[in-house]
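See structure below.
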Amino acid sequence: MKKLLIVLAGPTCVGKTDVSISIAGHFGCEIISADSRQFYREMKTGTAVPSEGQLAEIKHHFIRFISINQYYSASLFEHDVLKILPGLFRKKNLALMTGGSGLYMNAVCSGIDDIPDVDPVIRAKYLKKNKEEGIAGLRIALKMLDPEHYDRVDLKNPKRIIRALEICESTGRPYSSFLTKQKQERDFRILKIGLEMPREELYERINARVDTMIENGLESEAHDLFVSRHLNALNSVGYREFFDYFEGKITRDKAVELIKRNTRRYAKRQMTWWARDREIKWFGADEIAGIISYIEMNL
RNA sequence: GGGGAGAUACCAAAGCGGUCAACUGGGGCAGACUGUAAAUCUGCUGGCGAAUGCCUUCGUAGGUUCGAAUCCUGCUCUCCCCA
């Protein structure tokens, strides 16, 4: 029986946590969380981390293990996961990775190109350039430094152009020269499972969960983190809207409404991301038995 | 009872004789995406069609006009002011 990594994907609120606990409980394996916001120890209520009970029942990795002040990325996640996987496979021939961050999960499954880290000073420089000259200025610079990438990137997306520019400058090489986009071979098999749910039902669950988060003190958690609002980790649904409320930009009701809407949109983006992955076998969120037998068939 | 304002696509709201299937915003839908991705960005949004296009819309019924969401009249409803 070869080592197997089960990957459980699905939009936020579809019920991944419950299903993952069931699967892990059934097979006696541990869970790798691939959720870019549940990584942060300062955030809790707004990220829907598994409950204390669930965490006690099944060993989870990568839940609230870094600070919002730390830099982290899909590439670091790939390395961190690959580092602990051998240990998990020694205990059990399978492990379960679940979460909502598609890019991070892809990095683990297929690899992500190694690109040197960038000096924050360089990034700051291009952020400033974007502010002063607009995206047109960024485009001109990119056309000079990396014409190949210029032809391929989304020229309307400043974030993408800035990323390319900062790599060009800090390495002295075109950003595109780092992109091999080659799928990495892993020494374990991967079985991808997706959870789906009718759109309307998912949206109702999202709306209800946001209300629950607020009852559970999301506002005061956001309030405590207000001083750190400029950090990327806090550019997150559920927090950014409350920050706008604290700053008097919107009413509290509006903030709550926006949290719901933005969560819905986030869920849609997740579904779009996974829709193109033909390896995923889709199940309804309540088809636990079907999922377990699907896994057993593929052991 | 008298006077005034208004009824526009899912919602809000422009348009006030032709270039209007109708600005814009919201909501929704679809998509892109190799670095803090719960982020960032794009397209579509009356119906049918791959498309030139065709068909049905601007409260309702008529009228004026070559031509109306835009002008006129009746009706229905909403809002405001005076009694």
Side-chain angles (χ1 to χ4, degrees), chain A residues 10-13 16 33-40 42-43 45-49 66-80 99-118 120 122-123 127 130 135 138-139 149 152-167 170-171 175-184 199-200 203 206-207 209-210 213 218 222 228 230-243 250 254 257-277:
Chain A
T12 187
C13 223
K16 292 188 297 294
S33 169
D35 191 302
S36 74
R37 288 304 183 275
Q38 294 183 0
F39 292 164
Y40 299 103
E42 292 88 345
M43 296 157 81
T45 313
T47 59
V49 286
I66 51 173
S67 162
I68 53 174
N69 294 294
Q70 272 174 271
Y71 169 79
Y72 204 66
S73 70
S75 176
L76 289 171
F77 182 68
E78 175 197 8
H79 290 293
D80 287 345
S101 306
L103 179 66
Y104 284 64
M105 292 162 87
N106 272 13
V108 172
C109 295
S110 309
I112 188 167
D113 290 314
D114 271 322
I115 299 174
D117 286 338
V118 176
I122 294 179
R123 170 166 291 191
L127 284 171
N130 181 220
I135 199 153
L138 296 177
R139 285 181 193 157
H149 198 245
R152 275 191 297 221
V153 269
D154 177 356
L155 289 171
K156 290 182 175 169
N157 192 332
K159 216 161 171 169
R160 296 269 147 66
I161 304 181
I162 289 171
R163 158 104 278 235
L165 285 173
E166 65 191 17
I167 295 299
S170 76
T171 65
Y175 173 67
S176 54
S177 70
F178 290 97
L179 301 179
T180 69
K181 300 209 172 199
Q182 278 195 339
K183 192 170 187 231
Q184 297 295 308
R199 185 72 54 95
E200 206 178 317
Y203 283 5
I206 286 172
N207 294 159
R209 189 175 72 180
V210 170
M213 283 176 173
L218 178 59
S228 306
H230 59 282
L231 294 174
N232 185 82
L234 290 173
N235 184 192
S236 302
V237 177
Y239 296 86
R240 61 202 315 207
E241 295 85 357
F242 265 121
F243 296 155
I250 55 176
K254 184 70 181 171
E257 188 188 318
L258 287 175
I259 291 172
K260 291 175 180 174
R261 184 199 70 182
N262 292 337
T263 305
R264 278 181 251 131
R265 289 180 173 176
Y266 168 50
K268 170 59 179 84
R269 269 179 273 129
Q270 291 175 302
M271 292 187 267
T272 299
W273 176 277
W274 284 306
R276 63 181 168 180
D277 189 338

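Remember, predicted model here, so these are calculated numbers, not experimental data. Below, read A as the first sequence line, B as the second, and so on, with proteins coming before strands; counting in each chain starts at 1.
- Toward the 5' end of RNA chain B, the nearer of the two residues A/Lys268 and A/Trp274, judged by each one's closest nucleotide, is A/Lys268.
- Every residue meeting the side chain to side chain donor-acceptor pair (under 3.5 Å) condition with A/Glu166, not counting sequence neighbours, appears here in chain and number order: A/Arg123, A/Arg163.
- For the pair A/Thr47/A/Asp35, no side-chain contact is recorded, criterion being any heavy-atom separation below 4.5 Å from C-beta on.
- Across B/G59 and B/U65, the matching C1' atoms stand 23 Å from one another, rounded to whole Å.
- Annotation: side chain of A/Pro158 is in contact with side chain of A/Leu138 (closest heavy-atom distance under 4.5 Å).
- Comparing B/A38, B/A39, B/U34 by their nearest atom to the side chain of A/Asp35 picks out B/A38.
- For the C1' atom pair drawn from B/U56 and B/C20, the interatomic distance equals 15 Å after rounding to whole Å.
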**Item:** Stepwise side-chain contact (heavy atoms from CB on, under 4.5 Å) check, A/Trp273 with A/Leu103
**Value:** CA-CA 9 Å; A/Trp273 176 277; A/Leu103 179 66; 4.0 Å; yes

Pull out every protein N or O sitting under 3.5 Å from an N or O of nucleotides 41-43 of chain B, one pair per line with the distance.
{"unit_1": "B/C41", "atom_1": "O4'", "unit_2": "A/Asn157", "atom_2": "ND2", "d": "3.0"}
{"unit_1": "B/C41", "atom_1": "O2'", "unit_2": "A/Asp154", "atom_2": "OD2", "d": "2.7"}

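- In terms of the side-chain contact (heavy atoms from CB on, under 4.5 Å) criterion, residue partners of A/Trp274 (sequence neighbours excluded) are, by chain and number, A/Ala9, A/Met105, A/Gln270, A/Ile280, A/Trp282.
- Between A/Phe77 and A/Phe39, the ring center distance clears the sub-6.0 Å criterion.
- Put simply, CZ on A/Arg276 is 16 Å from P on B/A30, counting in whole angstrom units.
- Between B/G2 and B/C75, the two P atoms lie 12 Å apart (nearest whole Å).
- Residue A/Arg37 contributes atom CZ, which lies 6 Å from atom C1' of B/A39 at whole-angstrom precision.
- Taking the P atoms as reference points, B/U64 lies 28 Å from B/G15, given to the whole Å.
- At the phosphate of B/A30, OP1 or OP2 sits under 4.0 Å from a side-chain N or O atom of A/Arg199.
- Using a 4.0 Å heavy-atom cutoff across all strands shown, A/Gln70 reaches at least one base atom of the nucleic acid.
- A gap of 14 Å separates the C1' atoms of B/A69 and B/U60, to the nearest Å.
- The CH2-P distance, from A/Trp273 to B/A32, rounds to 10 Å in whole Å.
- Distances were taken from every side-chain heavy atom of A/Tyr266 (C-beta onward) to each of B/A32, B/A38, B/U34; the shortest belongs to B/A38.
- Between the P atoms of B/U8 and B/C41, the separation comes to 34 Å (whole Å).
- Taking the P atoms as reference points, B/U34 lies 33 Å from B/U52, given to the whole Å.
- The distance from atom NE2 of A/His149 to atom P of B/A32 is 17 Å, rounded to the nearest whole Å.
- Among residues two or more places apart in sequence or in another chain, the side chain to side chain donor-acceptor pair (under 3.5 Å) test is passed with A/Thr12 by A/Arg209.
- Here A/Asn235 pairs with A/Arg240 under the side-chain contact (heavy atoms from CB on, under 4.5 Å) rule; sequence neighbours left out.
- In terms of the side chain to side chain donor-acceptor pair (under 3.5 Å) criterion, residue partners of A/Tyr239 (sequence neighbours excluded) are, by chain and number, A/Glu221.
- Residue A/Arg123 contributes atom CZ, which lies 13 Å from atom P of B/U40 at whole-angstrom precision.
- When rounded to the nearest whole Å, the span between CZ of A/Phe243 and P of B/A39 equals 13 Å.
- Counting only Watson-Crick and G-U wobble pairs whose two distances sit under 3.5 Å, RNA chain B takes part in these stems of three or more pairs: B:1-7 with B:76-82, B:10-12 with B:24-26, B:27-32 with B:40-45, B:46-48 with B:53-55, B:59-63 with B:71-75.
- Contacts of A/Gly102 with the nucleic acid, taken as non-hydrogen atoms under 4.0 Å apart, are absent.
- A sub-4.0 Å separation between OP1 or OP2 of B/G31 and a side-chain N or O of A/Thr272 is present.
- At the phosphate of B/A38, neither OP1 nor OP2 sits under 4.0 Å from any side-chain N or O atom of A/Thr263.
- Residues A/Val237 and A/Glu257 both approach RNA chain B. Their nearest nucleotides, taken by heavy-atom distance, put A/Glu257 toward the 5′ side.
- A/Asp114 comes within 4.0 angstrom of a base, heavy atoms only.
- In this structure, A/Tyr175 reaches the sugar-phosphate backbone alone: every heavy-atom distance under 4.0 Å involves primed, P, OP1 or OP2 atoms, never a base.
- Every residue two or more places apart in sequence or in another chain that forms a side-chain contact (heavy atoms from CB on, under 4.5 Å) with A/Asn262 is listed here: A/Val237, A/Glu241, A/Leu258, A/Arg265.
- Here, B/A9 and B/A14 have their P atoms 13 Å apart, quoted to the whole Å.
- Between A/Tyr203 and B/C29 there is a side-chain N or O to OP1 or OP2 distance below 4.0 Å.
- Listed pair A/Arg264 / B/A38 fails the phosphate criterion, with no side-chain N or O lying under 4.0 Å from OP1 or OP2.
- Remark: P of B/U34 and CD1 of A/Ile112 are 8 Å apart, rounded to the nearest angstrom.
- In this structure, A/Ile68 atom CD1 and B/A38 atom P are separated by 16 Å, rounded to whole Å.
- Of all nucleotides listed (B/G28, B/A38, B/U34), B/G28 comes nearest to the side chain of A/Arg265.
- Phosphate contact (OP1/OP2 of B/U40, side-chain N/O of A/Asn235, threshold under 4.0 Å): present.
- At the heavy-atom level, A/Thr12 lies nowhere under 4.0 Å from the strands shown.
- Side chains of A/Tyr40 and A/Asn69: a donor-acceptor N/O pair is absent below 3.5 angstrom, by distance only.
- The phosphate of B/A39 (OP1 or OP2) has a side-chain N or O of A/Arg240 nearer than 4.0 angstrom.
- For A/Glu257, the side chain to side chain donor-acceptor pair (under 3.5 Å) test picks out no residue, with sequence neighbours left out.
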